[in-house]
Trainee: 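Can you keep this structure in mind? I'll have questions shortly.
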Amino acid sequence: MTDYIQFIEKVKNKTGIDLSLYKEAQMKRRLTSLYEKRGYDNFSDYYTAIHNDAKLLEEFLDRMTINVSEFYRNAQRWEVLEKKIFPKLLNENKKLKIWSAACSTGEEPYSLAMVLSSHVPLKDISILATDLDSGVIERAKVGLYADRSLKEVPRKIVEQYFINEGQHYQVKDSIKQTVQFKQHNLLNDSYGSGFDLIVCRNVMIYFTEEAKDQIYESFSKALRPGGILFVGSTEQIFNPSKYGFESEETFFYRKK
């Protein structure tokens, strides 16, 4: 048994996180770089270190999750959401139940609130946002972003919902109050039910095919009939009927 396999088993026992469901080459490369930077020679020594040092464990958890995000990422998809998807969903339900899964540092759920605000008042918007990494959730709650994160955001939205602070922008409280952040493991935790819209973008590419199947099936169960799953621009589902979906628009799937 290799020291990486032993490392996977020990991490699962300690944290409940199953690294075997992530693509091995990518995860191994990321973690080898981390332990070498910290002066360790192998996974065995590195596990002993993170087992005994809370700060090293926190750094490990942060590194194994993928925290790259920006507002209105792939802007054309958000236009489809605003002009086609939201009107249909609101025709069926006046108050939408929305989940931003693997939300990273918060750009995605805040974008959802901003886009939806063109249809309904902010007081009627409530979005659940979850991520495996408690560190990025805390950053998301602060809502302070570098100006490069806003490059796709329409100017009128920037002026309406952000406060400029030099090279950073602060999300206004009126938007922050529409989002509830929670820690959640897509591979282990329960999903809830009755969602009108689930957004999970640019995360599935890091999982094995087995893990993807599990997650898509769980998303399908969590959506109400007619609910929509919105995925990333590299994550087209080639056999949506396998999970009880049909294609609604490119990268949007409706539960049958």
Side-chain angles (χ1 to χ4, degrees), residues 1-70 73 99-109 128-146 148-149 179-192 199-216 218-219 232 234-235:
M1 188 183 291
T2 68
D3 69 339
Y4 182 66
I5 298 297
Q6 290 179 322
F7 180 79
I8 286 175
E9 290 182 357
K10 289 175 181 176
V11 166
K12 186 175 181 182
N13 289 335
K14 184 174 181 64
T15 68
I17 295 166
D18 189 351
L19 293 179
S20 70
L21 294 171
Y22 292 80
K23 290 180 179 174
E24 182 174 327
Q26 292 174 337
M27 185 57 67
K28 209 169 176 179
R29 188 164 56 245
R30 188 177 299 122
L31 295 179
T32 300
S33 163
L34 181 60
Y35 78 58
E36 287 177 347
K37 189 170 80 172
R38 291 286 166 254
Y40 299 101
D41 295 324
N42 52 56
F43 281 104
S44 178
D45 291 347
Y46 182 53
Y47 178 79
T48 301
I50 64 174
H51 180 69
N52 295 318
D53 187 325
K55 281 193 173 178
L56 276 179
L57 176 61
E58 187 177 333
E59 181 187 51
F60 156 72
L61 291 171
D62 187 56
R63 179 58 65 91
M64 61 148 289
T65 55
I66 295 88
N67 301 315
V68 179
S69 191
E70 62 188 46
R73 187 172 181 178
W99 176 18
S100 172
C103 69
S104 188
T105 42
E107 291 92 334
E108 181 176 276
L128 171 65
T130 65
D131 201 274
L132 177 65
D133 186 341
S134 60
V136 300
I137 289 174
E138 291 309 309
R139 284 163 57 193
K141 289 178 181 176
V142 172
L144 185 67
Y145 300 93
R148 66 180 178 275
S149 297
V179 182
Q180 179 189 16
F181 290 98
K182 283 185 178 178
Q183 191 171 13
H184 181 270
N185 185 339
L186 284 170
L187 295 166
N188 278 0
D189 295 338
S190 61
Y191 276 45
V199 182
C200 186
R201 307 180 72 227
N202 309 301
V203 175
M204 302 296 279
I205 52 173
Y206 298 102
F207 290 119
T208 63
E209 292 305 312
E210 174 196 0
K212 286 180 192 175
D213 279 347
Q214 176 189 323
I215 293 169
Y216 284 139
S218 297
F219 280 150
T234 59
E235 298 169 325

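Only a predicted model underlies this, so the values are computations on that prediction, with no experimental measurement involved.
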Trainee: Do K10 and F43 touch side chain to side chain, with heavy atoms closer than 4.5 Å?
Mentor: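 No, their side chains stay 4.5 Å or more apart.
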Trainee: Donor-acceptor pair, R38 side chain versus L56 backbone, under 3.5 Å?
Mentor: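 No: the side chain of R38 does not pair with the backbone of L56.
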Trainee: Measure the spacing between CD of E36 and CG of N42 and express it to the nearest 0.5 Å.
Mentor: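 Those atoms lie 10.5 Å apart.
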Trainee: Test of understanding: with ring pair (Phe, Tyr, Trp, His ring centres under 6.0 Å), list the residues that count as partners of Y145, not counting sequence neighbours.
Mentor: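 Y145 satisfies ring pair (Phe, Tyr, Trp, His ring centres under 6.0 Å) with F71 only.
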Trainee: Assign the ring pair Y22 / F207 to parallel, tilted or perpendicular, where the plane angle (0 to 90°) is split at 30° and 60°.
Mentor: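 Rings of Y22 and F207: tilted, 30 to 60°.
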Trainee: Check for me whether the distance between the ring centres of F7 and F60 falls short of 6.0 Å.
Mentor: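 Under 6.0 Å, so yes.
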Trainee: Tell me whether H51 contacts the main-chain N or O of V11 through its side chain, where contact means a donor paired with an acceptor under 3.5 Å.
Mentor: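 Checking the backbone N and O of V11 against the side chain of H51, no donor-acceptor pair under 3.5 Å is found.
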Trainee: Using the six-membered ring wherever Trp is involved, compare the ring planes of Y46 and Y35 and label them parallel, tilted or perpendicular (cut-offs 30° and 60°).
Mentor: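 Tilted, since the angle between the ring planes falls between 30° and 60°.
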Trainee: Quick one: do R139 and V142 satisfy side chain to side chain contact (heavy atoms under 4.5 Å, CB included)? Show the steps, please.
Mentor: CA-CA 5 Å; R139 284 163 57 193; V142 172; 5.7 Å; no
Trainee: Let me confirm one number: the CG-CD1 distance from L19 to I5, rounded to the nearest 0.5 Å.
Mentor: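 Rounded to the nearest 0.5 Å, the CG-CD1 separation comes to 10.0 Å.
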Trainee: With sequence neighbours left out, write down each residue that passes side-chain contact (heavy atoms from CB on, under 4.5 Å) with E210, or none if nothing qualifies.
Mentor: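 With neighbours one apart ignored, the set is L21, T208.
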Trainee: Nearest heavy-atom pair of I50 and L57: which atoms, and what distance?
Mentor: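 The pair with the smallest heavy-atom distance is O-CB, 3.6 Å.
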Trainee: Would you name the heavy atoms of V179 and A129 that are closest together and state the gap between them?
Mentor: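 Where V179 meets A129 most closely, the heavy atoms are CG1-CB, 3.7 Å.
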Trainee: For I137 and T130, run side chain to side chain contact (heavy atoms under 4.5 Å, CB included): C-alpha distance rounded to whole Å, both residues' side-chain angles, the deciding distance at 0.1 Å, then the answer.
Mentor: CA-CA 8 Å; I137 289 174; T130 65; over 6 Å; no
Trainee: Not counting sequence neighbours, which residues clear side-chain contact (heavy atoms from CB on, under 4.5 Å) with S134? List them please.
Mentor: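 For S134, the residues satisfying side-chain contact (heavy atoms from CB on, under 4.5 Å) (neighbours in sequence not counted) are Q183.
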Trainee: Can you name the nearest heavy-atom pair linking S100 to P109, along with the distance?
Mentor: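 Where S100 meets P109 most closely, the heavy atoms are OG-CD, 3.4 Å.
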Trainee: Measure the spacing between NZ of K182 and CH2 of W99 and express it to the nearest 0.5 Å.
Mentor: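 Result: 11.0 Å between the selected atoms.
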Trainee: For N185, enumerate each residue passing the side-chain contact (heavy atoms from CB on, under 4.5 Å) test, keeping only those at least two apart in sequence or located in another chain.
Mentor: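 By the side-chain contact (heavy atoms from CB on, under 4.5 Å) rule, N185 matches I17, L132, L187, N188, D189.
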Trainee: What closest approach, in Å, do V203 and A102 show between heavy atoms, and which atom pair accounts for it?
Mentor: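 That would be CG2-CB, 3.5 Å.
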Trainee: My understanding is that only residues two or more places apart in sequence, or in another chain, count here; which of them pass salt bridge (charged side-chain N to carboxylate O under 4.0 Å, His left out) with D3?
Mentor: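 D3: no salt bridge (charged side-chain N to carboxylate O under 4.0 Å, His left out) contacts found.
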Trainee: For E70 versus S149, what's the shortest heavy-atom pair and its separation?
Mentor: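 Between these two residues, the closest heavy atoms are CB-O, 3.7 Å.
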Trainee: Rounded to the nearest 0.5 Å, what separation is found between the CZ atom of F181 and the OG1 atom of T105?
Mentor: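 Going from CZ on F181 over to OG1 on T105, the span is 9.0 Å.
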Trainee: Could you tell me whether the side chain of E209 reaches within less than 4.5 Å of the side chain of D213, counting heavy atoms only?
Mentor: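 No, too far: nothing below the 4.5 Å cut-off.
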Trainee: To the nearest 0.5 Å, how far apart are SG in C200 and CD1 in I215?
Mentor: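 Atom-to-atom, C200:SG and I215:CD1 are 7.0 Å apart.
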Trainee: List for me each residue that meets side-chain contact (heavy atoms from CB on, under 4.5 Å) alongside Q26, sequence neighbours excluded, and say none if there are none.
Mentor: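 For Q26, the residues satisfying side-chain contact (heavy atoms from CB on, under 4.5 Å) (neighbours in sequence not counted) are K23, R29, Y206.
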Trainee: Determine whether a donor-acceptor pair (N or O, by modelled atom type, separation under 3.5 Å) exists between the side chain of Q180 and the backbone of L128.
Mentor: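 Absent.
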Trainee: Please answer whether the main-chain N or O of L186 pairs with a side-chain N or O of Y191 as donor and acceptor at a distance below 3.5 Å.
Mentor: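 Yes; at least one donor-acceptor contact below 3.5 Å.
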Trainee: So, taking the atom named CG in N13 and the one named CD1 in I8, what distance separates them when rounded to the nearest 0.5 Å?
Mentor: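 Those atoms lie 12.0 Å apart.
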Trainee: Give the minimum heavy-atom separation between I205 and E235, together with the two atoms involved.
Mentor: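 Shortest heavy-atom contact: N-OE2, 3.3 Å.
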Trainee: List the steps, then state whether salt bridge (Lys or Arg N to Asp or Glu O under 4.0 Å) holds for E9 with K12.
Mentor: CA-CA 5 Å; E9 290 182 357; K12 186 175 181 182; over 6 Å; no
